[in-house]
Amino acid sequence: MEKKKVATPLVCHGHSRPVVDLFYSPITPDGFFLISASKDSQPMLRNGETGDWIGTFEGHKGAVWSSCLDNNALRAASASADFSAKLWDALTGDVLHSFEHKHIVRACAFSQDTKYLITGGFEKILRVFDLNRLDAPPTEIDKSPGSIRTLTWLHGDQTILSSCTDIGGVRLWDVRSGKIVQTLETKSPVTSAEVSQDGRYITTADGSTVKFWDANHFGLVKSYDMPCNIESASLEPKSGNKFVAGGEDMWVRLFDFHTGKEIGCNKGHHGPVHCVRFAPTGESYASGSEDGTIRIWQTGPVNPEEISESKPKQSVDEVARKIEGFHINKEGKTAEKPSDA
């Protein structure tokens, strides 16, 4: 039997409750960044390559279910069980605005042009907020058939993709008409939905299945049965030839996109894996778990040209100096930086 190489991840401590969502920024002049959502109510920002802790966003009074960064990693957004979504300055950690809701907010996403923020949750309403008019009432999209679990934008912000907590399928909404134009059918509720970096594929996880859909024609491209119930899956962004999945068995598995064959199995988490995401360079991927840790696993360089193009132009120390004044945890959690792990 072929022996698989044991991977040693970067372990990122800091959260005191389960990590339920991860989001990587695109590559910026300062590198790329990773934001995490946790039931401890405090999203955290990290250097996406090294995992080094940069700061903690303080202000929510309930579990944070979703968090994201805009394309330039200058603003962050978060969705919380405290019936609010917040917009943050990602350089200072300050709250720029709090969007009040009438129930738990489960998901949020910046539009690709960063002008809008969409939210959804237990109210079963998709709301689009204009970030240039923060006090203006949001545009409300038609009522969702179920409690909203995931949200993302598609087709240059013309389409919104959503899944529900309690019913199967992924719904695609036309932003102009506010109506569902297509449903991608699944047997189980979709717990993770991701649009690939090149816009070609939609990757979904439902039950013990990972599916890949054509993002333009919406046909099912590939469907693979997994060894256990999977909560999250992510496609490698550069070559698209592998994907990662994690779920209830606490392991983070790497698969061949074309065959579905398992090519790596990473062990180390002490609880179910709630979220996995590939970094924008394709050289690593992150996993977040019930155990409160984030682990960053290396896949290795894609090719020499891509390494030089994708390396951050500034060191993490320079970036940290640029964002001095970012709020530090009251408990002084700087001591829990991943570099000390």
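For the atom pair OG of Ser25 and CD1 of Ile35, the computed distance is 10.0 Å after rounding to the nearest 0.5 Å. Atoms CH2 and OG, on Trp88 and Ser98 in that order, are 8.5 Å from each other to the nearest 0.5 Å. Considering CD of Gln298 and CD of Glu49, their distance stands at 8.0 Å, rounded to 0.5 Å. Between the CD atom in Gln112 and the CD atom in Gln158 there is a gap of 10.0 Å [rounded to 0.5 Å]. To the nearest 0.5 Å, the span separating CD1 on Ile230 from CG on Asp225 amounts to 10.5 Å. If you take CG on Leu161 and OG1 on Thr150, they are separated by 6.5 Å, rounding to the nearest 0.5 Å.
Side-chain contact between Val64 and Gln42 is absent, with no heavy atoms from C-beta onward closer than 4.5 Å. Using a 4.5 Å heavy-atom threshold, the side chains of Asn266 and Pro9 count as separate. Within the 4.5 Å cutoff, no side-chain heavy atoms of Trp153 are placed close to those of Thr159. The shortest distance between side-chain heavy atoms of Leu69 and Leu45 falls below 4.5 Å. The side-chain heavy atoms of Ile263 and Lys242, taken from C-beta on, include a pair separated by under 4.5 Å.
Residues meeting the salt bridge (charged side-chain N to carboxylate O under 4.0 Å, His left out) test with Asp249, sequence neighbours left out: Arg253. For Ser36, the side-chain contact (heavy atoms from CB on, under 4.5 Å) criterion is met by His15, Val19, Leu22, Met44, Ile294, not counting sequence neighbours. Taking Arg149 as the reference, Glu231 meet the salt bridge (charged side-chain N to carboxylate O under 4.0 Å, His left out) condition, with sequence neighbours excluded. The side-chain contact (heavy atoms from CB on, under 4.5 Å) test applied to Ala79 returns Ser66, Val105, Cys108, not counting sequence neighbours. With sequence neighbours left out, Asp70 forms a salt bridge (charged side-chain N to carboxylate O under 4.0 Å, His left out) with Arg75. With sequence neighbours excluded, the residues forming a side-chain contact (heavy atoms from CB on, under 4.5 Å) with Glu123 are His101, Lys102, His103, Ile125, Arg127, listed by chain and number. When the ring pair (Phe, Tyr, Trp, His ring centres under 6.0 Å) test is applied to Phe99, the partners found at least two apart in sequence or on another chain are His97, Phe129. Checked against salt bridge (charged side-chain N to carboxylate O under 4.0 Å, His left out), Glu194 has the following partners two or more places apart in sequence or in another chain: Arg277.
Residue pairs meeting the ring pair (Phe, Tyr, Trp, His ring centres under 6.0 Å) criterion with at least one partner in residues 258-280, sequence neighbours excluded, are Phe278-Tyr285. Within the structure, side chain to side chain donor-acceptor pair (under 3.5 Å) contacts touching residues 166-180 (residues at least two apart or in different chains) are Asp142-Lys179, Ser162-Trp173, Asp174-Ser177.
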Would Ser147 and Arg106 count as a side chain to side chain contact (heavy atoms under 4.5 Å, CB included) if you check the C-alpha gap in whole Å, the side-chain angles of each, and the deciding distance to 0.1 Å?
-> CA-CA 9 Å; Ser147 175; Arg106 192 68 196 262; 5.8 Å; no
Step by step, work out the side chain to side chain contact (heavy atoms under 4.5 Å, CB included) result for Asp157 and Tyr116.
-> CA-CA 9 Å; Asp157 303 332; Tyr116 300 97; 5.8 Å; no
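At a threshold of 4.5 Å between side-chain heavy atoms, the hydrophobic network of Ile, Leu, Val, Met, Phe, Trp and Tyr places Trp297 and Val244 in one connected group. No continuous path of hydrophobic side-chain contacts links Trp65 to Ile148 [ILVMFWY only; heavy atoms under 4.5 Å]. If you chain together hydrophobic residues whose side chains sit under 4.5 Å apart, Val195 and Val170 fall into the same group. Leu74 is not connected to Leu87 by any chain of hydrophobic side-chain contacts under 4.5 Å among Ile, Leu, Val, Met, Phe, Trp and Tyr, and they are in different clusters. Criterion: ILVMFWY side-chain heavy atoms under 4.5 Å apart, direct or through other members. Under it, Leu154 and Tyr201 are not part of a common hydrophobic cluster.
The closest donor-acceptor contact from the side chain of Ser289 to the backbone of Val273 lies at 3.5 Å or more, if one exists at all. With hydrogens and angles ignored, the 3.5 Å screen pairs no side-chain donor or acceptor of Asp21 with any backbone N or O of Ala37. Using modelled atom types, one side-chain atom of Ser38 and one backbone atom of Arg17 make a donor-acceptor pair closer than 3.5 Å.
Taking the centre of each ring, Phe243 and Phe255 come in below the 6.0 Å mark. Side-chain rings of Phe23 and Phe110 stay apart, their centers remaining 6.0 Å or farther from each other.
Closest non-hydrogen pair, Ile54 versus Asn47, comes out as CD1-N, 3.6 Å. Closest non-hydrogen pair, Ala90 versus Ala76, comes out as CB-N, 4.2 Å. Scanning all heavy atoms of the two residues, the minimum distance from Tyr224 to Lys222 falls at OH-CD, 3.1 Å. Between Ser144 and Cys164 the shortest heavy-atom distance is OG-SG, 3.5 Å. Nearest heavy atoms, Ser284 versus Thr299: N-OG1, 3.4 Å. For the residue pair Glu100 and Ser84, the shortest heavy atom distance occurs at OE1-CB, 3.9 Å.
Counted by atom type alone, Thr183 and Glu185 present zero donor-acceptor pairs between their side chains at under 3.5 Å.
Among Leu96, Thr114, Leu117, the one residue that satisfies the side-chain contact (heavy atoms from CB on, under 4.5 Å) test with Leu131 is Leu117.
Residue Met250 belongs to a hydrophobic cluster whose other members are Trp251, with links defined by side-chain heavy atoms closer than 4.5 Å.
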In a table with atom names and distances, give each donor-acceptor pair under 3.5 Å that connects a side chain of residues 207-215 to protein atoms at least two apart or in another chain.
from: Lys211; atom 1: NZ; to: Asp206; atom 2: OD1; distance (Å): 2.9
from: Trp213; atom 1: NE1; to: Thr204; atom 2: OG1; distance (Å): 3.0
from: Asp214; atom 1: OD1; to: Asn216; atom 2: N; distance (Å): 2.7
from: Asp214; atom 1: OD1; to: His217; atom 2: N; distance (Å): 2.8

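The local environment of NZ in Lys115 is sparse, with at most 12 non-hydrogen atoms from other residues, nucleotides or ligands closer than 6.0 Å.
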